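In this text the structure is predicted, and so the values were computed from the model without any measurement. Sequence lines set the chain letters: A, B, ... in the order given, protein chains first and strands last, and positions in each chain run from 1.
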Amino acid sequence: MLEEALREIQRGSAEIIGNEEIEKLLRAYFKDGKTYTVKAGFDPTAPDLHLGHTVLLQKLATFQKYGATIQFLIGDFTAQIGDPTGKSATRKTLSALQIQENAKSYSEQVFKILDASKTTIVFNSEWINNLGASGLLSLTTTFNVARMLERDDFDKRYKSGTSIAISEFIYPLLQGYDSVHLKSDIEIGGTDQKFNLLMGRHLQRAYEIGKEQAVLMMPILEGLDGVQKMSKSLNNYIGVAEEPNDMFAKVLSISDTLMWRYYELLSTKTLSEIEALREGVENNSLHPKKVKEELALEITARFHSQELAQSAREEFERVHANNEIPADMPEYSFDEAIWIAKALLDCNMVPSTSQARRDIKQGAIKINQEKISDEQLQLGSGEYILQVGKRKFAKVKVN
RNA sequence: GGUGAGUUAGUCAAGUGGCCAACGACGACGGACUGUAAAUCCGUUCCCUACGGGUUCGGUGGUUCAAAUCCACCACUCACCA
């Protein structure tokens, strides 16, 4: 049981510091039911979570399964500084009201994964505001500039002469101080957070609170392309709020190799179950598509429901495997006869009439399932189903 | 503050007076093949009811019959020095 728990906790992690401490905590839990705390920090900026974020959340859920109480920390104070990790753009400050709203929408999304009864939401402004000037000063005495510059991005910026605001040095210190205040047993975060996470350990030692948090880092999830990290700006993400049909189709569109990665980081199946699937695929007793479908179903059901996931699957089969038209599609209507290229443009199916002409030339345009080749075609009155490629559909009515 | 290099389509990156709507790579989109994909192969890739027209190569002016290409100024980025 302990072994199993440890394996699930270590699953997919990029690096663990203080593994023995985690083991100790788990042992105490299995022996005496003693609980412990796991901290994870989040930005108070408008949360629009995608699967990449849920990797961390699911790790937290695993911890909850094995006795942890989650300290879900919303960094409302530290957000005023802006985490220097990666980007250097200064953040705009959020009003208290906005932060409250964001926190609320966070919890709506987050509790699809986390057990609310074992989660405490905390805001770090609560204690940092009370720190005072002298408190802050004594915090800074625990560290020095040389060590601060060990941090990779600081180092690079320092060497290249890019400015580093003093406040940015304060950021990791405050994040670490959160761990002191919360007396966290474990903190988890992305690999890019290593420096900040270790700061928690350092400060807990400096403040002599009698423990040093273990640190577990999760890798960054690859996006749909399988190469770059999942992010909104790269448009290779699956949002947790997406429609079931889209969600299902997106998961199914990943490559077979990437599928195993997603299984490891996103599925709630146990490692041995996954191993069984993998063996099945390897010895050809299981079709990879089936395995991928199962993953798509699981993920879609998690954020919607079992039923919606099932119907998304049927819809997908209908449209892609059988080349039928989807049940739902956007509808448009026009008042008079319209040129086909213009209609496609107005229905947002192509970016320009030039593109529409090219698509027609290439046989990508279908009207009522029939390929068309006439670029000049006018749509007279009637109802049509327009299709661009395999995926884009629209119902058009011309009066 | 000084010196030098640079700024080209979604990104990277050629082009250094006319043959440039601009090589190439990636991406994206479409077609074939499939398991939906991936891989592979083929095609497309500024806009416009189009064998034609319009607008592009950091910005503004200039030289020229002709400029992404030459000149001037401005803006920004980077490197080295201080």
Side-chain angles (χ1 to χ4, degrees), chain A residues 88-89 156-163 222-238 242 244-263 277-278 280-282 284-297 299-300 309 311-326 334 336-367 369-380 386-394:
Chain A
S88 55
K156 275 191 199 130
R157 283 163 67 190
Y158 185 67
K159 280 185 179 147
S160 75
T162 316
S163 88
E222 292 85 352
L224 300 176
D225 51 50
V227 182
Q228 285 178 286
K229 68 168 187 175
M230 182 175 283
S231 86
K232 224 175 164 180
S233 49
L234 292 171
N235 196 26
N236 61 359
Y237 69 102
I238 303 178
E242 281 190 61
N245 286 345
D246 294 337
M247 199 178 260
F248 186 89
K250 279 188 181 181
V251 176
L252 215 52
S253 80
I254 63 174
S255 73
D256 288 0
T257 354
L258 188 60
M259 159 173 92
W260 298 115
R261 180 80 172 150
Y262 277 31
Y263 258 113
L277 291 176
R278 194 195 288 268
V281 168
E282 264 159 30
N284 290 324
S285 66
L286 261 179
H287 198 292
K289 192 193 173 197
K290 276 265 164 283
V291 180
K292 208 182 288 176
E293 262 179 5
E294 213 165 309
L295 177 69
L297 275 176
I299 290 175
T300 311
S311 66
R313 176 198 177 151
E314 284 155 23
E315 176 80 358
F316 188 89
E317 282 299 312
R318 180 162 54 227
V319 176
H320 295 277
N322 307 332
N323 280 320
E324 289 171 32
I325 54 173
F334 298 98
E336 49 189 17
I338 185 166
W339 177 40
I340 177 68
K342 193 86 176 68
L344 291 168
L345 179 68
D346 287 350
C347 297
N348 299 317
M349 297 171 83
V350 292
S352 67
T353 57
S354 299
Q355 182 64 47
R357 280 164 178 270
R358 278 181 226 122
D359 285 341
I360 292 170
K361 236 175 259 168
Q362 296 186 118
I365 310 293
K366 287 184 192 164
I367 296 178
Q369 313 255 55
E370 296 289 327
K371 241 180 223 186
I372 62 159
S373 54
D374 180 10
E375 290 176 30
Q376 304 300 329
L377 189 72
Q378 296 286 329
L379 295 179
L386 304 187
Q387 182 179 354
V388 179
K390 288 175 190 161
R391 314 191 168 166
K392 281 173 280 185
F393 295 88

Scan every strand shown for a Watson-Crick or G-U wobble partner of [N], both distances under 3.5 Å, and answer none if you come up empty.
N       : value
rU45(B) : rG27(B)
rC20(B) : none
rC33(B) : none

Taking the minimum atom-to-atom distance to the side chain of Asp359(A), which one of rG30(B), rA50(B), rU36(B) wins? rG30(B)
When the [atom1] atoms of [M] and [N] are compared, how many Å lie between them, rounded to an integer?
N       : M       : atom1 : value
rU16(B) : rC57(B) : C1'   : 13 Å
rU7(B)  : rC26(B) : P     : 23 Å
rA25(B) : rC33(B) : P     : 26 Å
rC76(B) : rA28(B) : C1'   : 29 Å

Anything under 3.5 Å between a protein N or O and an N or O of nucleotides 42-45 of chain B, put it in a table, one pair a line.
| unit_1 | atom_1 | unit_2 | atom_2 | d |
| --- | --- | --- | --- | --- |
| rG43(B) | N2 | Gln362(A) | OE1 | 3.3 |
| rG43(B) | N3 | Gln362(A) | OE1 | 3.1 |
| rU44(B) | O4' | Gln362(A) | OE1 | 3.4 |

Leu344(A) CG - rC29(B) C1' separation (whole Å):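 Nearest whole value for this atom pair: 14 Å.
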List in chain and number order the residues that pass ring-ring contact (aromatic ring centres under 6.0 Å, His included) with Tyr262(A), two or more places apart in sequence or in another chain; answer none if no residue qualifies.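 Residues passing ring-ring contact (aromatic ring centres under 6.0 Å, His included) with Tyr262(A): none at all.
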Taking only side-chain nitrogens and oxygens of Lys289(A), does any of them come within less than 4.0 Å of OP1 or OP2 of rU34(B)?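 No, because none of the side-chain N or O atoms of Lys289(A) sits under 4.0 Å from OP1 or OP2 of rU34(B).
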Thr353(A) side chain near rC48(B) phosphate (N/O to OP1/OP2, under 4.0 Å):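 Answer yes for this pair, as a side-chain N or O of Thr353(A) is under 4.0 Å from OP1 or OP2.
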Under a 4.0 Å threshold between the charged nitrogen and the carboxylate oxygen, would Lys342(A) count as salt-bridged to Asp346(A)?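 Between Lys342(A) and Asp346(A) there is a salt bridge, with a charged N closer than 4.0 Å to a carboxylate O.
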Under 5.5 Å between ring centres and under 30° between planes: true for Phe316(A) and the base of rU36(B)?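 No, the aromatic ring of Phe316(A) does not stack with the base.
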